[in-house]
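Below is one structure; the comments refer to it alone.
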Amino acid sequence: MLEAKVNIAQDIFKVSKTNSKITIDGKLDEAIWQNTEVRPFNHFFDVVKPTDQQNSKFRMLWDEENLYLFYECEDQYITARETVRDAEPYHDDCAEIFLIPVPESLDMHFCLEINLYKTSNDIVYLNNFYNNEFAPLKGFNPEFEVEFTVDGTINDNSDIDKGWTMELAIPIKTFKGVDRFFPVKAGSQWKFLALRQDRNDPEGNRRTCSTIFPTEKDVHDTNFFGLLEFVE
């Protein structure tokens, strides 16, 4: 049974409404992107080398149809390998968003994890499915738009890259069935966590994780999610 938990992280991230069309091209072309909140990923896990702690910036917008996400990531060694949906893009350079379309921490959340081949691991994550074990529901395969830009070369550590961007549009209808409790409108709040996986080694699966809010080692612990608030 899904249970509401005590909220620990209550930092609020403001998501501005856009009244103009957003073109998903991995570029900050629309002026509204400069007028919404920008937040860095300042909380790092598994930093081993100086190049593991690289800067990221995150933005969000909304309208009646979509949530819009934008990631800007500095990256000296851009890496992508996974090409199979619902496999392991999180072992690559990867943008991730975890969402609960209510303002309380629950034992579930929606996850999208996308690498620079546009390969996604999109799941419903059940934290305590049975006997305190988690279970990823991989039958959740939403439609969404995604584009990216790369300033550098993918999978070539012989040179120094500058970074990459990723832009997404996630349809509000993705959350049909739960949105009726807290519809998307100005003043609505959702629990969420935005994060980045940063893989710098050409071999193996070692990577660094950075998050928008401070969390414990398990980034799927929804007690440490923050809040996003939809504003006009």
Side-chain angles (χ1 to χ4, degrees), residues 7-13 26 28 37-60 69-83 87-99 105 109 111-123 125 127 134 136 146 148-168 191-228:
N7 290 305
I8 296 174
Q10 286 296 296
D11 196 357
I12 297 176
F13 181 79
L28 289 170
E37 184 169 355
V38 185
R39 193 81 68 94
F41 294 168
N42 282 341
H43 310 283
F44 291 86
F45 295 102
D46 302 322
V47 173
V48 176
K49 303 177 182 179
T51 53
D52 290 342
Q53 193 163 317
Q54 304 189 96
N55 294 326
S56 307
K57 293 180 181 178
F58 178 74
R59 295 170 168 87
M60 289 187 74
L69 286 65
F70 202 98
Y71 298 76
E72 291 180 272
C73 300
E74 293 181 1
D75 201 334
Q76 294 189 23
Y77 304 107
I78 302 173
T79 308
R81 295 181 302 181
E82 187 62 73
T83 59
E88 298 180 336
Y90 46 81
H91 285 313
D92 298 334
D93 287 316
C94 179
E96 303 187 7
I97 186 76
F98 303 163
L99 294 162
S105 297
H109 52 284
C111 301
L112 277 81
E113 304 168 334
I114 307 168
N115 72 4
L116 295 175
Y117 287 152
K118 303 183 186 178
T119 302
S120 63
N121 182 41
D122 31 41
I123 59 178
Y125 194 99
N127 290 66
F134 73 89
V146 58
F148 65 89
T149 68
V150 169
D151 190 350
T153 53
I154 297 177
N155 297 332
D156 182 359
N157 281 18
S158 66
D159 61 358
I160 301 297
D161 304 321
K162 291 187 177 180
W164 52 274
T165 67
M166 186 177 291
E167 186 175 19
L168 295 98
K191 295 288 285 189
F192 90 111
L193 183 68
L195 57 157
R196 167 198 180 179
Q197 302 293 345
D198 181 12
R199 179 173 175 272
N200 291 314
D201 298 335
E203 303 297 333
N205 291 326
R206 190 187 73 83
R207 81 273 195 199
T208 302
C209 178
S210 57
T211 61
I212 193 172
F213 304 120
T215 68
E216 291 190 341
K217 184 68 174 178
D218 181 6
V219 295
H220 291 285
D221 185 342
T222 63
N223 283 296
F224 293 91
F225 287 16
L227 287 168
L228 65 82

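Owing to the predicted nature of the structure, the values given are computational and were not obtained by experimental measurement. Residues: numbered from 1 along the sequence shown.
Put simply, the side chain of Asp75 gets close to the backbone of Tyr77: a donor and an acceptor are under 3.5 Å apart. Distance alone, capped at 3.5 Å, places no donor-acceptor pair between the Asn115 side chain and the Cys94 backbone. The backbone N or O of Asp201 sits nowhere less than 3.5 Å from a side-chain atom of Asn157 that would complete a donor-acceptor pair. Using modelled atom types, one side-chain atom of Asn155 and one backbone atom of Ala80 make a donor-acceptor pair closer than 3.5 Å. For the pair Thr211 (side chain) and Leu195 (backbone), a donor-acceptor distance under 3.5 Å is absent. Side-chain atoms of Asp151 do not come within 3.5 Å of backbone N or O of Trp164 as any donor-acceptor pair. Using modelled atom types, no side-chain atom of Glu96 and backbone atom of Glu113 make a donor-acceptor pair closer than 3.5 Å.
In this structure the side chain of Arg196 never reaches within 4.5 angstrom of the side chain of Phe58, judged on heavy atoms. Leu112 places none of its side-chain heavy atoms less than 4.5 Å from the side chain of Leu99. Contact check for Asp11 versus Leu227: no side-chain heavy atoms found under the 4.5 Å cut-off. With contacts defined as side-chain heavy-atom distances shorter than 4.5 Å, the pair Leu69/Met60 qualifies. At a threshold of 4.5 Å between non-hydrogen side-chain atoms, the residues Cys209 and Val219 count as touching. Using a 4.5 Å heavy-atom threshold, the side chains of Thr79 and Asn200 count as separate. For the pair Glu82/His91, no side-chain contact is recorded, criterion being any heavy-atom separation below 4.5 Å from C-beta on.
Closest heavy-atom contact between Thr222 and Ser105: O-OG, 2.8 Å. Residues His220 and Asn127 come closest through the heavy atom pair O-ND2, 2.5 Å. Phe70 approaches Gly26 most closely through the heavy-atom pair CZ-O, 3.4 Å. Across every non-hydrogen atom of Pro89 and Thr119, the tightest pair is CB-O, 3.5 Å. Gln76 and Gln54 get closest at one heavy-atom pair: N-OE1, 2.8 Å. Across Arg39 and Ile12, no two heavy atoms sit closer than the pair NH2-O, 3.1 Å.
Residues Asp159 and Thr153 bring a donor and an acceptor atom of their side chains to less than 3.5 Å of each other.
In this structure, Gln53 has no side-chain hydrogen bond (donor to acceptor under 3.5 Å, both in side chains) partners at least two apart in sequence or on a different chain.
The CG atom of Leu228 sits 10.0 Å away from the NZ atom of Lys191 when rounded to the nearest 0.5 Å.
Salt-bridge formation is not detected for the pair Asp46/Arg206: no Lys NZ or Arg NE/NH1/NH2 atom is positioned less than 4.0 Å from an Asp or Glu carboxylate oxygen. No salt bridge links Arg81 with Glu88; every basic N to acidic carboxylate O contact stays at or beyond 4.0 Å.
Under the ring pair (Phe, Tyr, Trp, His ring centres under 6.0 Å) rule, Phe192 has a single partner from Phe98, Phe213, Phe224, Phe225, which is Phe213.
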- prompt: Glu72 and Leu28: side chain to side chain contact (heavy atoms under 4.5 Å, CB included), yes or no, with the steps?
  reply: CA-CA 10 Å; Glu72 291 180 272; Leu28 289 170; 3.7 Å; yes

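Close placement of the Tyr125 and Phe134 rings is indicated, their centers lying within 6.0 Å of each other.
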